[in-house]
Amino acid sequence: MNYRLAYLSEAWVNWCPQMGTVLANEEVKDGVSERGGYPVERKLMPQWSLRIMAYANRLLNDLDNIEWSESIKEAQRNWIGKSEGSSLRFGVSGMEFSIEVFTTRPDTIFGVTFLTLAPESELVPQFTTSENKKAVDEYVHYAKNRSERERQSDVKKVTGQFTGAYAIHPFTGEKLPIWIGDYVLAGYGTGAVMGVPAHDMRDFSFAKHFGLQIKKVIQPNSPSPLEKGQGDEAGCFDGKEGKCINSDFLNGLEVKDALKKIISEIEKRGLGKGKTQFRLRDAIFGRQRYWGEPIPIYYENGIPKAVEEKHLPLELPQIDKYLPTENGEPPLARAKNWCYRPDVGICSPSLVERGLGGEVELTTMPGWAGSSWYYLRYMDPHNKNEFAGKDAMNYWKDVDLYIGGAEHATGHLLYVRFWAKLLYDLGLIPVVEPAKKLINQGMIQGVSSIAYCFIRASGGDSYPTNLLPRVFLSKGIAKRFSNNTPSAADIGLVDAVRKKINLQIQKTHPNSTITLDLIIPIHVDINLVKEEVMPVGEFKKLNEEYGNAEYILEEDKFYCESIVEKMSKSKLNVVTPDDICTNFGADTLRLYEMFLGPLEQSKPWSTAGITGVSGFLNKFWRLFHVETKISNIELREEFKVSEEEPTKPELKILHKTIKKIQQDIENYSFNTSVSSFMIATNDLQGLKCNKRAILEPLVILLSPFAPHIAEELWGEGKLGHKDSITYATFPVYNEAFTADDSFAYPISFNGKMRFNLELSLSLSPAEIEKEVLANPQSIKFLEGKQPQKVIVVPKRIVNIVV
RNA sequence: GCGGGCGUGGCGGAAUUGGUAGACGUGCCAGACUUAGGAUCUGGUGCCGUAAGGCAUGGGGGUUCAAGUCCCUCCGCCCGUACCA
């Protein structure tokens, strides 16, 4: 608060009535809450916000200095949404005040034919003429009550209303009608735009819809972009490659030159100024829920004041219910003692006197408050005085590698950068970026089972909807209904069910009839479904609410659809790794997950192939043991490792593996590591190698991948070490052991590989060429022709062009 | 619309700076040891063809001695975002 980083203001917020809380922009998806999927509406509320916009430029520019995935960087760039342009004031005809707009294309100023304001704009009532008042009020009411979801789902629908007032063109003095329209957002820029229909798609569709004038002021340099536009888009050119026309003193200028000239002209005439606008909004910091850090602010005579440091941290008070109060206050309003006096600390309301203390803030911090800085605490977790000491922070500095989900691109991952900068500015941490490198790990997805059923309702004297039986449809039938191509048989089946239900409900509600219309998907527990077939009996048993449901089958079976999506409890598609741990061990699970593919890739969980990894670990184990057959069914296993000197081929296998694993770890390419371990094990098994000098380094290499088996082989009773393998030093790669003295050259003719030829690596390219051409096989493939050119790449390939 | 990513056998996926496409694993086929095999081991397995050979990295075109890799173009899939003036 003291640094003007946090402030209290009336702000339009995403209010979610069902959850009783405000949500951040990124917590809202498609007009509903990301968690729970409840509707969200826009509401003006006093809110604590953090001034992240003050950091917009730095958050944008510093992206160039960090090794984060391009997709995350790009998402953040878009979210910050920097655009450069100019502010510009339009006078209102017959009124004292003016309307300010922000535009990135002031060069099109002579093409302005109207202004549009957001319906929420406070200016609207001030200039609306009396004859338009009723229509405007109606429109504003309509627009405000149109949920975000509707607003977003039909972007194409053009709505708006003329206010009756006119603005004055600052250069030509023309009268421009002032409209309101919900394509203009209240929260961006000034909530008002200048309409240039000839050169902006949105203005264009608005103008076309309401029959407003369209005035062309940019002549495209190449005619194609204009002609390309088809149907509704024809006639609008929003590109920047063109020259100004019909534009007074701008005529003949290229757009980019016109931009400079018009901005200086606007500034000279005092109509506005060059300006940079960001899409990023300040971050709303209050949440109307219980679980969150309390905000250390109290209100003395209505003035917010900070709780003194000696009283920090505030702890959440006990309350009876974690729900908002009846009159809509946050849950903290239920606390009995939630007042503060600077001399006492948290206290009961009775201790608050006039001018001394007051109620403590009732909202709590959002989830990202803690996630934005907790990593700093890890550097010095036992420090009692500060979140982390200077020495610790100078030692650890930033996070070397952050592995996290891509879904936090514009939430947590932007805020954590913001906080780092903020703490750096306050001199509290030594770095401006929290993490040098970031990798998005892929998600293991689940395969969900979907059963389709009708949304049911009843007409007539309305049988209660929740008591109406559900009607489930087997996959094929549901698909045909969804595509509007049900067969006669399908319709017959549904009608039969409809009649049956009607008979049943009409016993109590004689005029009621069921309507079956839309089909919705319902997740079914995947443990129930085998090969897309759902046993209806068991399903009914497990789900009471579907006990009286009707099931329309195909070939006497109820089929579900399988879809791949995020693995999640709510989707009933969770596979626990417990069975795999029990049957194969935790090492196998760990190794298998690595072996599935690149770290960044998401893929559905499938255990096909897990036996390969398990088999590898068994094979690796057997390198250290001899098995003696006691009887037909019993084997005795005995640890046996030889102290003999390793041979050249054995050392070669080891050192090739060391090199590969080292590279793979540096590249986070764990799937290929697993395969090189398999290769090494197969090769050593082939050589029947059980030498300590080879196996011991190999166990160390394997230990980060399969820690349990490695630790066991390393310890007493096996390789006999006292300390944990964790402390063993990583083997050193020695090139001498892997060097070859010959290479099997692939010999190709016109780029097609024909045969291999083993040649010494000491040969010069000319000697290689000679050897190759003299080879009987080459002669065969040359078919008596003269080679035009021979390309020799040492240790790679020989290509003969014929 | 815009932005990011991706497309290779039946499947998961390998392939340094352009240099033997399909490593490794599954699956499948055959065999060995077995009362048995969901254990273990051996061999085979991209497609067409008896073979020689030909064709193959989403489709088409280009650069190159040589292209999964580079360039152009089209198609498809996934993720993010959405009236930002």
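Protein chains get the first letters and strands the later ones, always in sequence-line order, with residue 1 at the start of each. It should be emphasised that the depicted structure is a prediction, and the values quoted were computed from it without experimental measurement. Hydrogens, waters and symmetry mates play no part in the numbers below; they use all other heavy atoms, side chains included.
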From [options], nucleotide with atom closest to [X] side chain:
X        : options                : answer
A/Ile797 : B/rG19, B/rG4, B/rG25  : B/rG19
A/Thr104 : B/rG12, B/rA85, B/rG3  : B/rA85
A/Phe102 : B/rC65, B/rA85, B/rU40 : B/rA85
A/Asn682 : B/rG25, B/rG53, B/rA82 : B/rG25
A/Val793 : B/rA85, B/rG25, B/rG19 : B/rG19
A/Gln685 : B/rA66, B/rC41, B/rG54 : B/rC41
A/Met753 : B/rA21, B/rG25, B/rG53 : B/rA21
A/Phe595 : B/rG25, B/rA85, B/rC83 : B/rG25
A/Lys619 : B/rA85, B/rG53, B/rC41 : B/rC41
A/Thr103 : B/rG3, B/rA66, B/rA85  : B/rA85

* Structure fact -> Sorted by position of nearest nucleotide on RNA chain B, 5' first, the leading residue of A/Gly191 and A/Gln663 is A/Gln663
* Structure fact -> The answer to which of A/Gly81 and A/Asn78 contacts RNA chain B further toward the 5' end, by nearest nucleotide, is A/Asn78
d([atom1], [X]; [atom2], [N]) in whole Å:
X        : N      : atom1 : atom2 : answer
A/Lys789 : B/rC65 : NZ    : C1'   : 5 Å
A/Asp182 : B/rA85 : CG    : P     : 18 Å
A/Glu735 : B/rU16 : CD    : P     : 19 Å
A/Gln662 : B/rU16 : CD    : C1'   : 16 Å
A/Phe781 : B/rA52 : CZ    : P     : 11 Å
A/Phe206 : B/rC83 : CZ    : C1'   : 12 Å
A/Met678 : B/rG13 : CE    : C1'   : 12 Å
A/Glu74  : B/rG4  : CD    : P     : 5 Å

I'd like the [atom1] distance from [M] over to [N], given in whole Å.
N      : M      : atom1 : answer
B/rC71 : B/rU64 : P     : 16 Å
B/rG49 : B/rA14 : P     : 31 Å
B/rU69 : B/rG60 : P     : 13 Å
B/rU20 : B/rG27 : C1'   : 26 Å
B/rU35 : B/rA39 : C1'   : 15 Å
B/rG43 : B/rA23 : P     : 15 Å
B/rG68 : B/rG18 : C1'   : 10 Å
B/rU50 : B/rC65 : C1'   : 35 Å

Whether [X] contacts [N] is assessed here as follows: a side-chain N or O lying under 4.0 Å from the phosphate OP1 or OP2. Is that the case?
X        : N      : value
A/Arg622 : B/rC41 : yes
A/Arg77  : B/rG80 : no
A/Thr672 : B/rC24 : no
A/Lys603 : B/rC78 : no

Quick one: look up who [N] pairs with, Watson-Crick or G-U, both distances under 3.5 Å, and put none if it's unpaired.
N      : value
B/rU20 : none
B/rG7  : B/rC75
B/rU45 : B/rG27
B/rU40 : B/rA32
B/rG80 : B/rC2
B/rA52 : none
B/rG68 : none

* Test log, rule ring pair (Phe, Tyr, Trp, His ring centres under 6.0 Å), inputs A/Trp79 and A/Phe278 -> CA-CA 9 Å; A/Trp79 194 260; A/Phe278 292 95; over 10 Å; no
* Less than 4.0 Å between a side-chain N and a carboxylate O, is that true for A/Asp740 and A/Lys652? ->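 Salt bridge between A/Lys652 and A/Asp740, a charged N being under 4.0 Å from a carboxylate O: yes.
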* Does a side-chain N-to-carboxylate-O contact under 4.0 Å join A/Asp64 and A/Arg77? -> yes
Within the 3.5 Å criterion, strictly below it, is a donor on [X] or [Y] matched to an acceptor on the partner's side chain?
X        : Y        : result
A/Lys82  : A/Asn57  : yes
A/Lys619 : A/Asn682 : yes
A/Thr738 : A/Tyr733 : yes
A/Glu758 : A/Ser742 : yes

Which part of the nucleic acid, if any, lies within reach of [X] when heavy atoms closer than 4.0 Å are counted: base, sugar-phosphate only, or nothing?
X        : result
A/Asn671 : sugar-phosphate
A/Ser675 : base
A/Ile679 : sugar-phosphate
A/Lys73  : nothing

* Look at the rings of A/Phe749 and A/Phe755 and say which category their plane angle falls in: under 30° parallel, 30 to 60° tilted, over 60° perpendicular. =>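 Because their plane-to-plane angle lies in the 30° to 60° range, the rings of A/Phe749 and A/Phe755 count as tilted.
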* Asked: What are the two closest heavy atoms between A/Lys275 and A/Phe102, and how far apart are they?
  -> O-CE1, 3.7 Å
* Where the chi angle of B/rG68 falls, syn if within 90° of 0 and anti if not -> anti
